[in-house]
Enquirer: 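A single structure is presented below for examination.
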Amino acid sequence: MLRFSTRRVLVIGLGLIGGSFARALRARSLVDEVLGYDRNRGECELGLSLGVIDRIADDLEAAVSGADLIVLAVPVKVMEQVLSEIKPWLRPQTLITDVGSTKGNLVDAARRLFDPMPPGFVPGHPIAGTEKSGVGASDEELFVRRKLILTPLPESDPGATLAIARLWQGVGSEVLQMEVKRHDEVLAATSHLPHLLAFSLVDTLAHEAENTDIFRYAAGGFRDFTRIAASDPSMWHDICFANRDQLLTQIDRFTEGVAKLREAIARGDSQSLLGIFTRAKSAREHFSRILARSAYSPDLHNHPVTFRVRPGSGIKGQADLPGDRSISHRAVMLAALAEGVTDIEGFLEGEDSLATLQAFRDLGVVIEGPHQGLVRVYGVGLHGLQPPVGPIYLGSSGTSMRLLCGVLAAQPFATELYGDEALSQVSMSALVEPLRQMGAQIETAAGGCPPLKITPVESLAGAGKVLRVASAQVKSALLLAGLYTQSQTVIEQVKPTRDHTERMLSRFGCELREQAGQLQMVPGARLTATRLRVPGDLSAAAFFIVAASLTPGAELLLEHVGINPTRIGLLSILQQMGAEIELLNVRDDCAEPVADIRVRAAVLKGIEIPAEWQSLALDECPALLVAAACAEGVTTLDAHVEGAFATNRRLNLMSDALQQLGIDLRLEASRLIVKGGQLHGGRVSSGGDPRVAMALAVAGHLASEELDIEQCASVALFCPEFVDQARRIGIALYKEEG
Ligand code: NAP
């Protein structure tokens, strides 16, 4: 790797972009000197008077031969001419970059001019700009938090790429790298095509005299859509030719799309129309994070959020709970595979369940909503899914990936499932192995981790033997695959696990047989659309139940909460500890048992928690530890019940935080021994785990002093209403951002 200097910079073309870069470099003292050169002398003089540059480069030869870095910021059509002009004066160590909106044409030009290609040549393109031109509009903040794409060539020295990247980072840009061809493809679709459409729409309407009114009364949509038609015409003229081939491809794709829309309107085909609109709306919402490969809902993961909780004196009233997470996933999946239209109420608009919803949209299912928990799914039947246009992104949702894998293993088209960084490190072997036994063809990355590449097979079999499973999600994936098999699928559960999938299947008209602990899925099932109301999430209720149980004088009512027998371990444990929890109005709703839960303050006493109850309270263990910390006497639990703390990390986070708050807690062999006491205030971290953050918020309410909990951003994605609902019942919880 060569070393390159960037002390003396020459910007050729001192307009909006060149001027903004020069200005940003100077404002941040990133270089010793910035010279400006422009064929328009007036721009240079204005640039000098505005402090954009240190000096005007009157003598181009001297300026080029003395520059460490040359930035070409001229229109794309003159890049070749400028490159050939400066070529004789370049030194072997001169860095050359540009800011042009197209890259292929520049690289072709450079290949015609140079042999060999200079090692310091690294093309670039800032994804930033305005409709204005000229140095007068330059802005030193233009590139802050904007992307800058570098397209290094095989001949570019890595040291050159690094030096140029550092300068762009210095002016606030996020630097990305791409191949030249890919850059031009992506930009043709995301920037060049939209500009042409805006120009074309305004031009089409403006041509007709009677349309004057359209402009006079133009609504916001028209203004927003056509804003970019005010951009510099000659720049866009140049870009059209510089990126001709990619742009023609994109115009053809768009024309096809508009033709489909026209046809759907002409035929009165409202399902197709709704399909286009709902897919587009959700794609629009999720576009940026799919590209970023980060969170599925708004990207809050990296946003610092601290919870501040004041010691509380009372809890009263009623809290609304979010819809159950596990049931929300299954509701959308089975509704999509059913025949007919299913309306779902109480759908959890959390990151994971939204990932499942979007995946089915990618598979061609029309889904309206979610809007305040309401979702309408136009089921396509078991055999109506369409091949997605690309790999399906599932964010951090392991549930979506496992369940979907069962469905997709049986489809007649290939699919690929991938997730964010965290999900990409989770082994899917326990899922993939039994599906392979059913005949599925699934490839994984090393260690059984995603991406999962699923190849179509002739047909799946029921494996011809009993499939043994120890996890609800693997069981669910096998049941879903079992919807497509020729022969019976028999699943034996090594231990009882959540049965939401079985219940949801029966709600959609597919009965499973259960015999001697074995589940039998008979081939030839059909799913029929239905109406669903997702019960409130007992896992979310757990935090409020613990808080109310331990707050003197408290009385809390939680309505329509799911009390599935595979999930109620926490209630049994707390009752055993002395909690006053009443289940009122117990009923069945959509094949799930639900109840209204009334909790009154009580004195909790430490107990030895039976392992079988604990395994029915897996997600609730963080809340349970807070109850143990505040109970009288000693509570012991098994730290290693499978799944109890999802990972050791969650257990460690909870233990560390409670110890910091003054609780005597220790691990002996595999028993966690918690001696109840008084929680103190202070500052702890949730480590970014939403359940830990929510449990610690309850600890703060019960503590003797104020408590700050760091890294709580994920709560908004996981349980969007948590803070509001906590406040509603009297927990003095405040969110500090930034
Ligand atoms: P601009 O404001 O018009 O600036 C370009 C400057 O280059 C003008 O002063 C122009 O002078 C000068 N110039 C033209 N030919 C020249 C030559 N042969 N030698 C020296 N100077 C010459 O344009 P811009 O918006 O900054 O665009 C510059 C580059 O940035 C283009 O390649 C464009 O694709 C790219 N870009 C633009 C945006 C955006 O939003 N504007 C965003 C990203 C990238 P005249 O006025 O006399 O022509």
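Read the numbers this way: they start at 1 and go in the same order the structure lists the ligands and their atoms. The basis for the numbers below is simple: all heavy atoms, side chains too, and nothing from hydrogens, waters or symmetry mates. Just so it is clear, the model here is predicted, and its values are computed rather than measured.
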Enquirer: Using salt bridge (Lys or Arg N to Asp or Glu O under 4.0 Å), reason through Arg361 and Glu368 one step at a time and then give a plain yes or no.
Expert: CA-CA 10 Å; Arg361 283 194 171 124; Glu368 286 178 51; over 6 Å; no

Enquirer: Look at atom 1 (P) of ligand 1 and find which of Ser191, Ser101, Gly15, Cys44 reaches it with the closest heavy atom.
Expert: Gly15

Enquirer: Return the residue, atom name and 0.1 Å-rounded distance of the protein heavy atom closest to atom 42 (C) of ligand 1.
Expert: Ala128 O, 3.0 Å

Enquirer: Is the count of non-hydrogen atoms from other residues, nucleotides or ligands lying under 6.0 Å from Glu443 atom CD greater than 12?
Expert: no

Enquirer: On a heavy-atom basis, I'd like to know which of Ser20, Gly124, Ala242, Ser133 is closest to atom 3 (O) of ligand 1.
Expert: Ser133

Enquirer: Can you confirm whether more than 12 heavy atoms, excluding those of Glu179, are under 6.0 Å from its CD atom?
Expert: no

Enquirer: Please indicate whether any nitrogen or oxygen in Pro126 is less than 3.5 Å from any nitrogen or oxygen in ligand 1.
Expert: no

Enquirer: Could you list the residues that satisfy salt bridge (charged side-chain N to carboxylate O under 4.0 Å, His left out) with Asp238, not counting sequence neighbours?
Expert: Lys77

Enquirer: Closest non-hydrogen protein atom to atom 39 (C) of ligand 1, residue and atom name please, with distance?
Expert: Met235 CE, 3.7 Å

Enquirer: Under 3.5 Å, N or O to N or O, is Arg39 touching ligand 1 that way?
Expert: yes

Enquirer: Take the angle between the ring planes of Trp236 and His192 and call it parallel below 30°, perpendicular above 60°, tilted in between.
Expert: perpendicular

Enquirer: Tell me whether Asp362 is salt-bridged to Arg279, with the criterion being a basic N under 4.0 Å from an acidic carboxylate O.
Expert: no

Enquirer: Atoms of ligand 1 less than 4.0 Å from Gly100 heavy atoms?
Expert: 32 (O)

Enquirer: Looking only at atom types and distance, does a side-chain atom of Ser231 sit under 3.5 Å from a main-chain N or O of Ile228, one as donor and one as acceptor?
Expert: yes

Enquirer: Regarding ligand 1, does Val74 bring an N or O atom to under 3.5 Å of one of the ligand's N or O atoms?
Expert: yes

Enquirer: Would you kindly specify which portion of Ile17 sits under 4.0 Å from ligand 1, judged on non-hydrogen atoms: side chain, backbone, both or neither?
Expert: both

Enquirer: Taking 4.0 angstrom as the limit and counting only heavy atoms of Ala73, give me the atoms of ligand 1 inside it, by number and element.
Expert: 5 (C), 28 (C), 29 (C)

Enquirer: Consider every N or O of Leu16 and every N or O of ligand 1, then say whether any pair is closer than 3.5 Å.
Expert: yes

Enquirer: Please report whether atom 23 (O) of ligand 1 has a protein non-hydrogen atom at a separation of less than 4.0 Å.
Expert: no

Enquirer: For Gly688, does its backbone N or O pair with a side-chain atom of Ser714 as donor and acceptor, under 3.5 Å?
Expert: yes

Enquirer: Look up atom CG in Leu106 and atom CZ in Phe121, then write down how far apart they are to the nearest 0.5 Å.
Expert: 4.0 Å

Enquirer: Aromatic rings Phe199 and His195: how do their planes relate, parallel, tilted or perpendicular, breaks at 30° and 60°?
Expert: tilted

Enquirer: Any idea which protein heavy atom is nearest atom 46 (O) of ligand 1, and the distance to it?
Expert: Asn40 ND2, 4.2 Å

Enquirer: Who's the nearest protein heavy-atom neighbour of atom 2 (O) of ligand 1, and how far?
Expert: Gly134 N, 2.7 Å

Enquirer: Can you tell me how far apart CG (Leu25) and OG1 (Thr6) are? Round to the nearest 0.5 Å.
Expert: 8.5 Å

Enquirer: Which atoms from ligand 1 have a heavy atom of Gln81 less than 4.0 Å away?
Expert: 18 (N)

Enquirer: Could you tell me, atom by atom, which parts of ligand 1 come under 4.0 Å of a heavy atom of Val82?
Expert: 18 (N)

Enquirer: Against His183, only a single residue in His125, Gln246, Lys103 fulfils side-chain hydrogen bond (donor to acceptor under 3.5 Å, both in side chains); can you say which?
Expert: His125

Enquirer: With a heavy-atom distance limit of 4.0 Å, tell me whether Pro75 approaches ligand 1 through its side chain, its backbone, both, or neither.
Expert: both

Enquirer: May I ask you to check whether Lys132 has an N/O atom sitting below 3.5 Å from an N/O atom of ligand 1?
Expert: no

Enquirer: When you check the gap from the basic side-chain N to the acidic O, do Arg111 and Glu80 get nearer than 4.0 Å?
Expert: no

Enquirer: Of all the non-hydrogen atoms in the protein, which one sits nearest to atom 6 (C) of ligand 1, and at what distance?
Expert: Asp38 OD2, 3.5 Å

Enquirer: Within the 4.0 Å heavy-atom shell around Gly129, which atoms of ligand 1 are there?
Expert: 40 (O)

Enquirer: Is it true that a side-chain atom of Ser173 and a backbone atom of Leu148 form a donor plus acceptor pair closer than 3.5 Å?
Expert: no

Enquirer: At less than 4.0 angstrom from any non-hydrogen atom of Val99, what atoms of ligand 1 do you find?
Expert: 29 (C), 30 (O), 35 (C), 36 (N), 44 (C)

Enquirer: Inspect the surroundings of CZ in Arg253 and state if more than 12 heavy atoms from other residues, nucleotides or ligands are less than 6.0 Å away.
Expert: no

Enquirer: Before signing off on this row, confirm whether Ile12 and ligand 1 have an N or O atom pair separated by under 3.5 Å.
Expert: no

Enquirer: For ligand 1, is there an atom lying under 4.0 Å from some heavy atom of Gly19?
Expert: no

Enquirer: Show the atoms of ligand 1 that are less than 4.0 angstrom away from any heavy atom in Val76.
Expert: 32 (O), 34 (O)

Enquirer: Which ligand 1 atoms, with their elements, are less than 4.0 angstrom from a heavy-atom of Thr130?
Expert: 40 (O)

